[in-house]
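Everything below concerns the one structure shown next.
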Amino acid sequence: MQHALALADKAQQLGEIPVGAVVVLNDRIIGEGYNRSICDHNATGHAEMMAITQAGRAVENYRLVDATLYVTLEPCPMCAGAIVHSRVKRLVYGASDAKTGAAGSVFNIAAHPQLNHQAEITAGVLAQQCSEQISAFFKMRRAQHKAAKKAAKQQAET
């Protein structure tokens, strides 16, 4: 999870929501990623999608049957679907997502009993650190938007 947090820092440096993901198989990292939706103009550019894609290429198979995915934020429905389709054995995430979480918070796609695969889920690993990273990012974003509005208003008045 520490490596996923470092990857989340890379996303933040690009102005992306700071989420990082790592796929591990046999105690070896086979895939990693961080959010790149904005800079790549790609709605599917989530950390989990990048990590799963890279892992599939590394093992030359889209099925990641014995792999563990570590991610700093609970996956969204799209990413949870990719976890199911790629047969990731275990999902470990840090911060829960009360708005779009699909591994237990809002939905539970990653372990839904009617789907053809259910991932084992471990939630809350380094939760405070992961949550603080995302909260600090959005606090900074809100401050930037507020400053931009204030500057625009001052410019309009002159």
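The first residue in the sequence is number 1, and the count goes up from there. All of these numbers come straight from a predicted model, not from anything done at the bench.
Within the 4.5 Å cutoff, the side chain of Thr100 has no heavy atoms near those of the Val106 side chain. The shortest distance between side-chain heavy atoms of Ile30 and Gln54 does not fall below 4.5 Å. Between Phe138 and Ile17 the shortest side-chain heavy-atom distance falls below 4.5 Å. Counting only heavy atoms from C-beta outward, the side chains of Thr53 and Met50 never approach each other to under 4.5 Å.
In this structure, Leu73 is a member of the same hydrophobic cluster as Leu91, with clusters built from ILVMFWY side-chain heavy atoms closer than 4.5 Å. Hydrophobic clustering, with ILVMFWY side chains joined whenever heavy atoms are under 4.5 angstrom apart, keeps Met78 apart from Val84. Leu126 and Val71 end up in different hydrophobic clusters when Ile, Leu, Val, Met, Phe, Trp and Tyr side chains are linked at under 4.5 Å. No continuous path of ILVMFWY side-chain contacts below 4.5 Å connects Ile121 to Ile109, so the two sit in separate hydrophobic clusters.
Considering all non-hydrogen atoms of both residues, His117 and Ile83 come closest at CD2-O, 4.2 Å. The shortest non-hydrogen separation linking Ala80 to Ala110 is CB-N, 4.0 Å. Of all the heavy atoms in Arg90 and Val88, the pair that sits closest is O-CG1, 3.2 Å.
Checked by atom type and distance alone, the side chain of Asn42 pairs as donor or acceptor with a backbone atom of Thr44 at under 3.5 Å. Under the 3.5 Å distance criterion, the side-chain polar atoms of Asn35 are matched with a main-chain donor or acceptor of Ala47. Checking side-chain atoms of Asn26 against main-chain N and O of Arg28 turns up no donor-acceptor pair under 3.5 Å. Put simply, the side chain of Gln118 gets close to the backbone of Leu115: a donor and an acceptor are under 3.5 Å apart. Under a 3.5 Å cut-off, the side chain of Arg36 and the backbone N or O of Tyr34 do not form any donor-acceptor pair. Checked by atom type and distance alone, the side chain of His46 never pairs as donor or acceptor with a backbone atom of Glu48 at under 3.5 Å.
Connectivity analysis of hydrophobic side chains (ILVMFWY, heavy atoms under 4.5 Å, direct or indirect) links Ile38 to nothing; its cluster partners are none.
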Step by step, would you call Glu16 with Gln12 a side chain to side chain donor-acceptor pair (under 3.5 Å)?
CA-CA 5 Å; Glu16 300 276 355; Gln12 185 164 344; over 6 Å; no

Set out, in order, the CA-CA distance, both residues' side-chain angles and the distance that settles side-chain contact (heavy atoms from CB on, under 4.5 Å) for Leu5 and Cys130, then state yes or no.
CA-CA 7 Å; Leu5 280 163; Cys130 293; 3.8 Å; yes

Start with the C-alpha gap between Val92 and Met1, add the side-chain angles, then the distance that decides, and say whether side-chain contact (heavy atoms from CB on, under 4.5 Å) holds.
CA-CA 8 Å; Val92 179; Met1 190 62 82; 4.0 Å; yes

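When the shell of 6.0 Å around CD of Gln114 is examined, it contains 12 or fewer heavy atoms from other residues, nucleotides or ligands. No more than 12 heavy atoms of other residues, nucleotides or ligands sit less than 6.0 Å from atom NE2 of His85. Around the CZ atom of Phe137, the shell of radius 6.0 Å holds more than 12 heavy atoms that belong to other residues, nucleotides or ligands.
Applying the side-chain hydrogen bond (donor to acceptor under 3.5 Å, both in side chains) rule to pairs touching residues 55-77 yields Glu74-Ser105, sequence neighbours excluded.
Atom CD1 of residue Ile52 and atom CG of residue Leu69 lie 5.5 Å apart, to the nearest 0.5 angstrom.
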